[in-house]
Amino acid sequence: MSGKIYRVSGPVVISVGLENPSMYDVVKVGKLGLIGEIIKIDGERSIIQVYEDTTGIRPGEVVENTHSQLSVTLGPGLLGSIYDGIQRPLDKIKEESGDFIERGVTAVPIDQQRRWHFVPKVNNNTEVAGGDIIGEVRETELIMHKIMVPVGIAGTISGLKEGDYTVEERIAAVSKGGKSSEIRLSQKWNVRSHRPVREKIAPNMPLITGQRVIDSLFPVAKGGTAAVPGPFGSGKTVIQQQLAKWSDADVIVYVGCGERGNEMADILMTFPELSDPKSGKPIMQRTILIANTSNMPVAAREASIYTGITIAEYYRDMGYSVALMSDSTSRWAEALREISGRLEEMPGEEGYPAYLGRRIAEFYERAGMSTLLNGLTGSITVIGAVSPPGGDISEPVSQNTLRATRVFWALDSSLANARHFPSINWLNSYSLYTDDLEEWYSKNIYEDWDKVYKRCMSILQKEAEIKDIVQLVGYDALPEEDKLTLEAAQSIREDFLQQSAYDEVDTYTTIKKQGLMLRCIIAIDEAYRVASERGVSIEELRKNPVRQKISRMKFIPEDEVEGYCASIMQDAEQIKGKAHK
Ligand SMILES: Nc1ncnc2c1ncn2[C@@H]1O[C@H](COP(=O)(O)OP(=O)(O)O)[C@@H](O)[C@H]1O
Ligand SMILES: [Mg+2]
């Protein structure tokens, strides 16, 4: 028996007479069979949020319960895909319905005809359990796709054989106590529940992003969480895209959630052209894009977030490091608010539902570095953009996000207006991973990195204090020492922190080069101070061409940077030496 539509209110549909409804059952709504999900059950009535436009849907039309939960299909063929919020491949649904996506269109998430060459990695008749890797498929040049036993299945494996299979064909069976389960290259997972791990462990290495202000000053760990709040135009999207392009995660999931379509179009144009700095291979080989732009139905924003994180967990379970960017989580929160309003739930702060904080926390909890069910280690780093109205982060989405994340990149409109990009404010931002990562940095950049980093931070903080004093007494009244601090801070800001996303060289800086750049800036500062002690004036020091040399350093290609740095260090010695005369 199928139900009937009783009332339609935007993305919310109330149905009556639905057979045996359970929370989060997926239903097909109306003659068009629009995909929706039961989000509330109230006696005879099932309240459904619909993931497609409900215009023209009328009371009396049928509602059918599929009795299954919103799930994603996981298997080879995910990489390089571009999906909408409910994992329909955008190119396939466009093929089917033209530029205007028709409603009720279904499309299989991964190609069912393609054959993948499967190589078993365990012997037949061995004991296996959920999460165990039983074989491999080369999904792209960059990623070896590990075929895992679905969670919840355990027993003796049989029928494994090397060969070419589609994602739907049986590749093995696992049996226990007379019960047998078929194994395929693909499996399904309910997006609302997290994929289990054995245990979470403390992150101990950074996600290297090639963005200097991030890697050097406010790093996020692999398996960590970061929030990027900022007003309109402050650079959230550019940062998220830079991270998606350059981060050294194995797999990237980029969720465009509720933002303008042209931004997503920009990604769709540029990403296929880019190659990964480490391997030189196209980045789409390790990337999955999920696009739920502002013109698409609001309810699907939530689905897009869950679809994204579930796919991220699946690749993590293979032992990979995955990074997920979501732009913007505020649009998801706004969708929650809209749906909650239509359900006439008791509103919390600023009209958001009372469970907003819990939903946000649960999302970020799916990040982490973990020991997996199969004993490997994998990680998910989650970086969420937040768009507080007017840039005021005292609002609920920002506050709840800051509670749930450990890195805060505070985007600042005054920096953006001054064309200081990335406009990450170095005084307000923080990373709670700095201590955990110190060892990694001293091993991988250089031994005394910590000293250089701390010196840099103290110069920047001192600059802020001195600027307050300058307001009162004027620049000329400052002691030489403070004037030198201002010089050094300016150099850190302009020559190091400012980084153009659009310059071919500057767009990505290796961690090694970042270390050398900061070392040079700090060495020149020290040399200036020695010279100043001996009576050399600031005006005189400013005439030294070394400062220009430092400003050019960001544009010096990687393979020349060591020699370049050595020559600046010589200049530093000379500046000190001259002072000795
Ligand atoms: N790292 C950067 N380098 C150069 N320009 C940038 C950078 N970050 C932001 N911008 C400039 O700022 C504009 C707005 O950035 P965007 O990321 O779209 O802001 P938001 O998403 O916060 O609204 C960009 O179109 C670009 O011109
Ligand atoms: Mg944006």
Side-chain angles (χ1 to χ4, degrees), residues 208-218 220 226-247 254-271 274 277 289-296 301 304-305 308 324-335 383-393 395 397-398 401-402 407-426 428-429 492-509 513-514 517 551 554-555:
I208 295 300
T209 68
Q211 310 306 301
R212 295 187 291 267
V213 59
I214 293 177
D215 295 348
S216 289
L217 302 195
F218 308 108
V220 60
V228 202
F232 180 77
S234 59
K236 296 180 294 296
T237 300
V238 174
I239 287 192
Q240 295 276 53
Q241 294 188 2
Q242 286 293 91
L243 299 188
K245 289 172 189 168
W246 309 126
S247 291
Y254 188 97
V255 185
C257 176
E259 294 291 288
R260 282 159 301 150
N262 59 340
E263 286 180 350
M264 214 57 214
D266 191 46
I267 294 192
L268 304 187
M269 302 275 286
T270 51
F271 275 37
L274 296 170
L289 299 175
I290 296 169
N292 186 253
T293 47
S294 51
N295 55 330
M296 295 179 175
R301 290 180 192 170
S304 69
I305 298 265
L324 178 140
M325 291 90 203
S326 167
D327 185 17
S328 142
T329 57
S330 294
R331 307 287 167 244
W332 162 40
E334 285 159 17
I383 298 144
V386 185
S387 345
D392 176 6
I393 61 161
E395 55 86 42
V397 184
S398 304
T401 305
L402 291 183
V407 178
F408 172 42
W409 296 321
L411 298 192
D412 188 317
S413 52
S414 58
L415 289 175
N417 292 337
R419 310 294 300 161
H420 175 115
F421 288 118
S423 70
I424 296 180
N425 183 314
W426 51 89
N428 307 345
S429 299
I492 294 170
R493 285 187 283 108
E494 294 176 2
D495 307 332
F496 187 76
L497 297 183
Q498 286 186 19
Q499 182 170 7
S500 169
Y502 305 113
D503 180 87
E504 207 183 315
V505 178
D506 199 23
T507 188
Y508 177 85
T509 306
K513 179 172 167 185
Q514 295 184 31
M517 288 175 80
S551 5
K554 54 170 91 162
F555 304 111

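One-based numbering, in listed order, for ligands and for the atoms of each. These figures come from a predicted structure and were not determined experimentally.
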Between D327 and Q240, does any side-chain donor sit less than 3.5 Å from a side-chain acceptor? no
Would you indicate whether the side-chain heavy atoms of S328 and K236 approach each other to under 4.5 Å?
-> no
R212 meets the salt bridge (Lys or Arg N to Asp or Glu O under 4.0 Å) criterion, sequence neighbours left out, with D506
Here the Mg ion (ligand 2) sees protein N, O or S atoms within less than 2.8 Å, and their number is 1
Test your reading of the model: is there a side-chain donor-acceptor pair from D215 to the backbone of T209, 3.5 Å cut-off?
yes
Problem - Any side-chain heavy-atom pair of F218 and W426 under 4.5 Å - result: yes
- Are side-chain heavy atoms of Y502 and V238 found at a separation under 4.5 Å? yes
Distance only, no hydrogens: is a donor on one side chain within 3.5 Å (strictly under) of an acceptor on the other, for Q242 and T507? yes
Residue set satisfying salt bridge (Lys or Arg N to Asp or Glu O under 4.0 Å) with E395, at least two apart, ordered chain then number -> none
Taking the side chain as everything from C-beta on, heavy atoms only, tell me whether Q211 gets closer than 4.5 Å to L243.
yes
Present, as a list of atom pairs with distances to 0.1 Å, all nitrogen or oxygen contacts under 3.5 Å between ligand 1 and the protein.
{"unit_1": "ligand 1", "atom_1": "1 (N)", "unit_2": "Q499", "atom_2": "O", "d": "3.4"}
{"unit_1": "ligand 1", "atom_1": "3 (N)", "unit_2": "A501", "atom_2": "N", "d": "3.1"}
{"unit_1": "ligand 1", "atom_1": "17 (O)", "unit_2": "K236", "atom_2": "N", "d": "3.4"}
{"unit_1": "ligand 1", "atom_1": "17 (O)", "unit_2": "T237", "atom_2": "N", "d": "3.0"}
{"unit_1": "ligand 1", "atom_1": "17 (O)", "unit_2": "V238", "atom_2": "N", "d": "2.8"}
{"unit_1": "ligand 1", "atom_1": "19 (O)", "unit_2": "G235", "atom_2": "N", "d": "3.0"}
{"unit_1": "ligand 1", "atom_1": "21 (O)", "unit_2": "T237", "atom_2": "N", "d": "3.0"}
{"unit_1": "ligand 1", "atom_1": "21 (O)", "unit_2": "T237", "atom_2": "OG1", "d": "2.8"}
{"unit_1": "ligand 1", "atom_1": "22 (O)", "unit_2": "S234", "atom_2": "N", "d": "3.3"}
{"unit_1": "ligand 1", "atom_1": "22 (O)", "unit_2": "G235", "atom_2": "N", "d": "3.0"}
{"unit_1": "ligand 1", "atom_1": "22 (O)", "unit_2": "K236", "atom_2": "N", "d": "2.9"}
{"unit_1": "ligand 1", "atom_1": "22 (O)", "unit_2": "K236", "atom_2": "NZ", "d": "2.8"}
{"unit_1": "ligand 1", "atom_1": "23 (O)", "unit_2": "G233", "atom_2": "N", "d": "2.7"}

